[in-house]
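Basis for what follows: all heavy atoms, side chains included, without hydrogens, waters or symmetry-related copies. Computed from a prediction, not measured in an experiment: that's the story for all the values here. Below, chains carry the letters A, B, ... as their sequence lines are ordered, and counting in each starts from 1.
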Amino acid sequence: MLITDRYQGPMDVDPRRDALSNGDAGREGSGMESNFSRVIDLLPGLVWTALPDGRADFVNRRWCEYTALSFDEACGSGWQGSVHPEDRPALLTRWQSLVASGEPGELEARLRRFDGEYRWFQLRASPIADASGEVVGWCSIATDIEDHKRREEASAARGRRFEQIVDGLPAIIALFTPDGKIAFSNRQMLEYLDETFEQVQAKTSAYNFHPDDRDEMLSRWAAAVQSGEPFDFEARLRRADGAFRWQWMRVFPMRNAAGRIDLWYGLSTDIDDRKWAETLLAGEKRLLSMVAQGDPLVEVLGALCRVVEDAAPGRLCSVLSIDPDGVRFRHGAGPSLPAAYNKVLDGLVMDRYYGPCGMAAKLKRQVIARDVSSDPRWAASPWPALVVSHGLKSCWSTPILSRDDKVIGVFALYQHEPASPSQREFELIRQFTQIAGVAIERAQSEQELRRSNAYLAEAQRLSLTGSFTWNPATDEHYWSAETYRIFEYDPSTEVSLGLVLQHIHPEDRGLVDRVVAQASEGKDFEVEFRAVTASGVTKQIQVLAHRMPGQDDRLEYIGAMLDVTESRRSEEALRRSNAFLAEAQRISLTGSFSWRVATGEIAWSEQVYRMFEYEPATPVTLDLISARVHPEDLPLLDDMFESAVRGVPDFEYEHRLLLPDGSIKHLRLMAHGTPDQGGQMEYIGAVQEVTDRRVSEEALSKVRSELAHMARVTSLGALTASIAHEVNQPLSGIITNANTCLKMLAADPPNVLGAQATARRTVRDGNRAADIIKRLRTLFGKRDPTSEPVDLNEAAREIIALSWSDLQRSRVIVRAELADELPPVVGDRVQLQQVILNLLLNAADAMSGIDDRPRQMVIRTERAESETVSLTVQDVGVGLDAESAEKLFEAFYTTKSEGMGIGLSISRSIIDNHGGRLWARPNDGPGVSFTFSVPCTADGPAPAPEPAQQSAAAGLQPAMVKR
Amino acid sequence: MSTRPLVCVVDDDESVRESLPDLLREFGFEVRPFSYAKAFLDSDCLAACDCLILDIAMPEMNGPDLQRELERRGRHIPIVFITAHVDEKVRRRVLEQGAIACLYKPYSQADLLAALHAAIPAQ
């Protein structure tokens, strides 16, 4: 059609028309043939005929016009020159084969136009057969297909480019039929799935979607098909390697010319990286906001683990923090790890040889244990077996560092299979280790801050010290809680200078006003004043304020406010009590001292210096003391020193001082020891000068002993008179009656009845006298003791207390060694105490002449044998020879002038009456021990003494004396 | 009967009050015993009493007290003291106060009679 149009114009003017006409003329001969030739010339194509051998024998006018060849030139094989050289061989070959086959055929080749341009032509050749079917020639028509060909080529090129573009796009592109069947997929898609298009085609719809996304995708598809509207959604699509990756899929309908949707165009972009980054970013943002809000660390770390585990499915996340001492791990979070395992980690000592976390912390670098059970680094550790027992096979540990590059924790990921981190996981670990670090550090510093704030508040509270700032120009104040407390303002009170001034004590108001005035000039200030608080309490307040540094243009003070009420009060009280004490010590002639035995430090009060007549502040040493102690009393000092070294908690001594002027002072010293923190004894004591008292006591004592002696004599005399009175009374009666009786009998006549009456009275009075004698015998003779349980320890302590003064005066050092859990004895408490007193006084007397050694007396109780309790009084006195020991217990035997001898005899009889024994035995060293033993209550009442027992025991007791 | 002198005995000891009057009656004395000093003072014998035998130690008013009381009343009754307490001081004092004698129990019959005769010379 086009060809026809194009070649209509030049037909009439073509100069070769003549030639054609000529040709026509040459083939004239019949009218039919001529018509045919005209028709052929008019045909819209290049027509030619050929002989059976293929040589051209006719070309039409259009041919000649197109090629600019003359008829003759074109006939034969001349037409071949118009064929494009590139196409010519193929054309000729094809033409030859057509001719040979005798079948019709089509060929394409470029033919050169008169102007030299080649255009494509389609050449159709058909054989001309005669009636017998033999080919008698060929008829061909060449149709200009250049434009068509061009369009075709352009279209093909466009198609190729589209395909390249579609394949080259970094997206999955596919076409679907409305029923969801895939009609096309680009290369990206096939590569992503690693399948051929045919394979994809064979699968069911959406087979490669994540199970969680598949249903939504199908329903969205169905809805879109229904509505004909495009849609988009995000879903995970499984990649060839099995990983699901997020894709953003957009689906558009494609309508055909009729406006019907026959295809759906799908475009899917891989957004997995973005999605991952977004997820992590969202997680990070959430975690950081938790940190910022100050959520508890354990919650932050727990959330962190979950974010990480969401981002890296199959990884179990753990965060350990490290104790401030840097020694132990603390469980931070491990929500997916077995609780038992977390428990092991909590408190675990960091050890690089224990496991990767320890190693990461110790070496401060990441440690990847791909397969824990085969890792040689922990072959000797119990850790691999432990993790494996929890089903874990690999562990990646990364140290968590603080800003100043200290290891404050370990971030670890565990896997159920041996694995190494992917690049993405490395990045994940890096990112979240950092966040964990921020969280831990924040928690630690918050804790630190809280603690130090708490410390500060507590310190302010304890020290009654508040702090404040004050800007005099603006009257702005900042007060700490304690400052409010001191002034008893509510913490919400708006503080102003005016308010504070209202509470200043009127008498101190002037002072404070002056200070305020000075402060306005920028001078630091320190002031103490009284404030009257809202509750009416007057407080002594000390304020110290400095100009805030680094503020040249602005005057602001920072200061401390102290409630010194109590301390002023106690200072005053202390001052007063110190003064009182000094005065009291002076008046009472009492000094005080302290003595650290281990270091020999001795401190004296002023009064002690006065007593010893040393200059105050002279360093006190034992030598200094010894120099003043009366030489006879030095053994006491030694004893005291020994007691102190032994750590005896309390001691009490009386000793004399011999002062340089020859005067003598009596001192009484009492001390109580307390072990200090190092276990060393420190004694605190009092020293009292008792010289006057001692002198008068000695005088008094002398009088007392004289009186005692006189009393003894007097009472003896009184007793004699009493006995005489009692006896003389009936005797007098007897004699009178007897005289009467005689007189009556001598009368004439004898008064027999009267005599009988008087004789009866005589008998009665005689009996009465006998009764008196019997009573006296009972009083002085043997009698049964009153029976009551007696604690010998208690009895001994009372006697020691009773005789303390006498013993001290005699400079006797008494040591009581009283047995614990001593069973009571049965007897007469007073009688037994008389015995103890007697033994004590005897022992003291026996030592009265001893000056070359401490006059030491030991009073010892013990449970002797099984049924008796004994008490021993041991002295270091003059002692006994064997002869004396024999006679000791005889009545009226004595070695002394004071006549105590009778005491031992009586003591002996008392002890006998208790069914016990009393004996004396010389000591190994100097002195004698007197011991009595009496039955205890363990086996009931005291048994009556049996001679056999006594004599058996007597053999063991040399001092026993037979009566 | 009126010729018999009246001797009063004041002693808290019953055996004396029983035995002594019997003995003195044997020697011809009228005897009235009293167990305590007040009983004697309250009796009707004060005026008629020729001799008083008086114990020294007695509850309430003792012998010397009674002696002083009688002096105070102007009743100069001869008194012979008897006592079981050997106390020379007391003895000396009562004699200085005017007592005839002070006998220590047990006294002899002769001493007693001698004292009585000294007290009642008329006999």
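Salt bridge annotation for B:E18-A:R764: present, with a cationic side-chain nitrogen under 4.0 angstrom from a carboxylate oxygen.
Contacts between B:D13 and chain A at a heavy-atom distance below 4.5 Å involve the side chain alone, from C-beta outward.
Contacts between residues 105-113 of chain B and chain A, defined by a heavy-atom separation under 4.5 Å, are made by B:K105, B:P106, B:Y107, B:Q109.
A:G733 and B:S15 get closest at one heavy-atom pair: CA-OG, 4.2 Å.
Ranked by heavy-atom pairs under 4.5 Å with chain B, the list A:I735, A:N739, A:N737 is led by A:N739.
Under the side-chain contact (heavy atoms from CB on, under 4.5 Å) test applied with B:S19, the options A:T736, A:T758, A:I734 reduce to a single match, A:T736.
The distance from atom NZ of A:K743 to atom CG of B:D22, rounded to the nearest 0.5 Å, is 13.5 Å.
Dense packing is recorded around OH of B:Y104, with more than 12 heavy atoms of other residues, nucleotides or ligands lying under 6.0 Å away.
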